[in-house]
Protein chains: 2
Amino acid sequence: MRDEKGLAIGELSRRTGVNIETIRYFERVGIVATPPRTSGGRRVYGAGHVRALGFIRRARELGFTPAEVRAILSLGGPAQASCSEVREIAAHHLERVRAKMADLAQLESLLATTIDRCEGDGAASCAVIELLDQYTTT
Amino acid sequence: MRDEKGLAIGELSRRTGVNIETIRYFERVGIVATPPRTSGGRRVYGAGHVRALGFIRRARELGFTPAEVRAILSLGGPAQASCSEVREIAAHHLERVRAKMADLAQLESLLATTIDRCEGDGAASCAVIELLDQYTTT
DNA sequence: ATGCTTCCTGTAGCGGCTACAGGAGCAAGC
DNA sequence: GCTTGCTCCTGTAGCCGCTACAGGAAGCAT
């Protein structure tokens with residue numbers, strides 16, 4: 001099984017950095033294609049699987065949600081997916097990233113000024129606690 | 001039970017916006033104090049609980065992790081927590097927020113330029129797919 | 001007493017994995 | 001051939017932070 005065209009699951013795991021259990025999990029839930037088996041029942045993976053797993057990993061690193069990854073993979077994966085559809089998914093993702101950035105920026109300034117107020121003087125009340133101690137929805 | 005000093009769980013839920021099941025869950029896992037009970041076995045909440053739940057909710061809205069919320073509550077909650085300890089937790093949180101912002105900024109520009117490259121020309125290969133299709137760890 | 005609402009406990013589900021246990025495949029050494 | 005030792009197999013249960021349900025009891029108004 002040292003042929004390029006037949007990897008055992010452990011080897012696939014090593015090459016892609018994806019946990020063995022996770023690979024089987026991906027198969028179970030339909031994220032990756034079910035590989036063929038040896039006569040003894042062991043999974044045999046090919047280059048396509050290596051690519052797909054690497055793809056999944058990369059996409060998750062880039063913050064794509066599992067649902068988005070699924071969507072791209074269901075378009076045929078990196079090999080066949082249509083450029084425009086993938087681009088649309090990425091564009092959505094970009095929007096989300098930007099929204100999150102805006103949220104965080106607001107939060108950052110709120111936290112920073114509050115912490116600063118607290119640090120400045122040793123007044124009776126703690127600005128940070130006050131900040132947290134109001135449950136009216138923002 | 002219309003006394004200010006004795007709320008049923010439903011009323012507490014309504015006032016704080018925290019799900020009834022979640023309130024009981026918080027009790028089970030030790031996030032909030034176990035309230036006294038009526039003779040019939042029903043939980044009776046007071047102003048302290050209202051405050052604590054509101055506090056938890058607010059802190060979660062502000063992105064504090066459950067562990068951080070727990071930490072602050074274990075300092076005695078909004079009422080007794082020490083200003084400096086709370087401030088330290090908040091400062092850590094602020095750091096994390098800033099780190100995340102930096103990450104997102106990088107991701108944003110990567111996504112934006114990649115999507116843009118793809119949009120520009122109808123070349124053979126899709127820049128977005130190429131971006132995703134490399135599983136070497138960043 | 002009868003209904004109606006609220007509350008109680010206990011248990012199971014979600015997603016996205018991860019971690020076992022207990023058994024079988026398989027290659028290599030002797 | 002047989003044992004050793006690794007990898008792999010299946011199935012199940014655990015993690016977090018909740019949420020949802022079932023089946024029953026409390027409590028209030030009529």
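Computed over heavy atoms, backbone and side chain alike; hydrogens, waters and symmetry mates excluded. Each chain gets a letter, A, B and so on, in the order the sequences are listed, and its residues count up from 1.
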| Phosphate OP1/OP2 of D:dT10 contacted by A:Arg24 side-chain N/O (<4.0 Å) | no
| said: Distance check needed: D:dC18 C1' versus B:Arg28 CZ, whole Å only. | reply: 9 Å
| Is a side-chain N or O of A:His92 found less than 3.5 angstrom from the main chain of A:Glu68, in a donor-acceptor match? | no
| On DNA chain D, nearest-nucleotide positions of A:Gly41 versus B:Ala67: which is more 5'? | A:Gly41
| query | Is there a donor N/O on one and an acceptor N/O on the other, under 3.5 Å, for the side chain of B:Glu21 and the base of D:dC21? | reply | yes
| task | Among C:dG25, C:dC17, C:dC7, find the nucleotide with the atom closest to the side chain of A:Phe26. | result | C:dC17
| Protein-nucleotide distance (A:Phe64, atom CZ; C:dG16, atom C1'), rounded to Å | 19 Å
| query | B:His93 and B:Gly63: which non-hydrogen atoms are nearest, and at how many Å? | reply | CE1-O, 3.1 Å
| In whole Å, what is the span from the CD1 atom of B:Ile9 to the C1' atom of D:dG27? | 16 Å
| said: Counting only side-chain nitrogens and oxygens, does B:Arg43 get under 4.0 Å of the OP1 or OP2 atom of C:dT9? | reply: yes
| message | Would you say that B:Thr16 contacts B:Arg57 through its side chain, given a criterion of any heavy-atom pair below 4.5 Å between the two side chains? | response | no
| task | Return the value, rounded to whole Å, for the distance between atom CG of B:Asn19 and atom P of D:dT19. | result | 5 Å
| query | Taking OP1 and OP2 of D:dG27, is either one under 4.0 Å from a side-chain nitrogen or oxygen of B:Thr38? | reply | yes
| query | In whole angstrom, what separates A:Ile23's CD1 from C:dT18's C1'? | reply | 13 Å
| Rounded to whole angstroms, how far apart are CG on B:Leu12 and P on C:dT6? | 15 Å
| said: Nearest to the B:Tyr25 side chain among C:dT18, D:dG17, C:dC26, which nucleotide is it? | reply: D:dG17
| said: Looking at A:Glu11, I'd like to know if its CD atom is crowded, meaning that more than 12 non-hydrogen atoms belonging to other residues, nucleotides or ligands lie closer than 6.0 Å. | reply: yes
| query | Does B:Arg37 make a side-chain N or O approach to OP1 or OP2 of C:dT9 shorter than 4.0 Å? | reply | yes
| Which nucleotide in the set D:dG27, C:dG25, C:dG16 lies at the smallest distance from any side-chain heavy atom of A:Arg42? | C:dG25
| field | Side-chain donor or acceptor of B:Arg58 paired with backbone N/O of A:Leu131 under 3.5 Å | value | yes
| query | Within less than 4.0 Å of OP1 or OP2 of D:dC18, is there a side-chain N or O belonging to B:Arg60? | reply | yes
| field | Between C1' of C:dT6 and CG of B:Leu7, the distance in whole Å | value | 14 Å
| request: Calculate the interatomic distance between B:Ile20 atom CD1 and C:dT9 atom C1'; express it in whole Å. | output: 14 Å
| task | Verify the contact: side-chain N or O of B:Thr22 to OP1 or OP2 of D:dG17, cut-off strictly under 4.0 Å; return yes or no. | result | no
